[in-house]
Structure formats: C-alpha cells, structure tokens
Amino acid sequence: MPISQSEVLYTAVATAENGRDGRVATDDGKLDVVVNPPKEMGGSGAGTNPEQLFAAGYSACFQGALAVVARQEGADVSGSTVTAKVGIGKNDEGFGIIVEISASIPNASAEAAKDLLEKAHQVCPYSKATRGNITVTLV
C-alpha cells in the first residue's frame, strides 16, 4: 500500500546531468559520481552506471529487511551478506531490467535461509516497489 506525503520520514534527492553519460550527485554531497554506460552497452565503462547504483540500493535495503525478519523470527543473520544482480536488456518497449537477489546466511540452514529471503522480499520497500513491474528472482 502506498504511503502518503505526510508519512514520509526521509527524502533522498539526487540530480543527474547528461543522463547515462554524465554525473549524478545528491543534494547533501555524500554521493557524487561519474556515470557512463558499461562497455557491454557501447559506453566507456569508466564510471558507475544506474544499474550498479540500483543494485547497491536494493541489496542494502534487502539486507535491512532481512534483519527485521530475522529479529521477528528469532534467527541469527549476523555475518550475512545480500547480493543484488541487476540486468538490463532490450524488450518490446525499449529496455527493461531484471533482478536476482541472493544471500549468504552462515548461521542458517539452506531451508531457513530460503524462508528468511522470501519473508524479507515481502517487507523490503524495494521489493514492494518493483513487484509486478520487473522480474525479481530469489536464489
């Protein structure tokens, strides 16, 4: 369910110059990066790209959701990592993205880790935002 403007706790602000071949910076100066298309898409690959930035944000958000679920379940996710792979490619409407989320949870069995991932996917704000819009696979 969407939140209303009055429920917003924090708003991130970033501005891009020259799209995929330029610069992106946040209003507070904490992020200021050169962006370039990857070599696989005909670019220089010299800077980062929107897919890497999305993967970074999604993996961090998902890790947070995993910690919330673990607390609720009484599970130990210390030492865990979450990896997001964001792929971009052509589709009928131009371009689209897909995401693969994986996690290493050393203190959980494979079955328990899978259950935690599925539950985190239900509460992660990035997962909620992308649900029904792009393919997200949990591995």
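What's counted below: heavy atoms across the whole structure, side chains too, no hydrogens, waters or symmetry copies.
- Listed by chain and residue number, F54, Y126 satisfy the ring pair (Phe, Tyr, Trp, His ring centres under 6.0 Å) test with Y58 (two or more places apart in sequence, or in another chain).
- In plain terms, the two heavy atoms of P37 and R20 that are nearest each other are CD-O, 3.1 Å.
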Exercise answer: donor-acceptor pairs, residues 95-108 side-chain atoms, under 3.5 Å, sequence neighbours excluded:
residue: N107; atom: ND2; partner: D76; partner atom: OD2; Å: 3.1
residue: N107; atom: ND2; partner: S78; partner atom: O; Å: 3.3
residue: N107; atom: ND2; partner: S78; partner atom: OG; Å: 3.2

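- Annotation: the span from L66 atom CG to S59 atom OG amounts to 12.0 Å, rounded to 0.5 Å.
- Using a 4.5 Å cut-off on side-chain heavy atoms (C-beta onward), E118 and H121 make no contact.
- What you find for G47 and Q52 is that their closest heavy atoms are O-OE1, 4.4 Å.
- Pairing each heavy atom of Q63 with each of S80, the nearest pair is NE2-OG, 2.8 Å.
- The shortest heavy-atom contact between C124 and C61 is SG-SG, 3.6 Å.
- For the atom pair CD (Q72) and CG (L116), the distance works out to 10.5 Å, reported to the nearest 0.5 Å.
- Between the CE atom of M41 and the CD1 atom of I88 there is a distance of 4.0 Å, given to the nearest 0.5 Å.
- Residue E7 qualifies as enclosed at atom CD: its count of foreign heavy atoms under 6.0 Å is above 12.
- The main-chain N or O of G45 is never found under 3.5 Å from a side-chain atom of N49 such that the two would form a donor-acceptor pair.
- Identified under the salt bridge (Lys or Arg N to Asp or Glu O under 4.0 Å) test for residues 23-36, with sequence neighbours left out: E17-R23, R23-D32.
- To the nearest 0.5 angstrom, Q122 atom CD is 10.5 Å from K119 atom NZ.
- Just one residue in the list V123, T83, L138, V136 forms a side-chain contact (heavy atoms from CB on, under 4.5 Å) with F62, and that residue is L138.
- Linking ILVMFWY side-chain heavy atoms closer than 4.5 Å, directly or via other members, places L31 and V35 in a single hydrophobic cluster.
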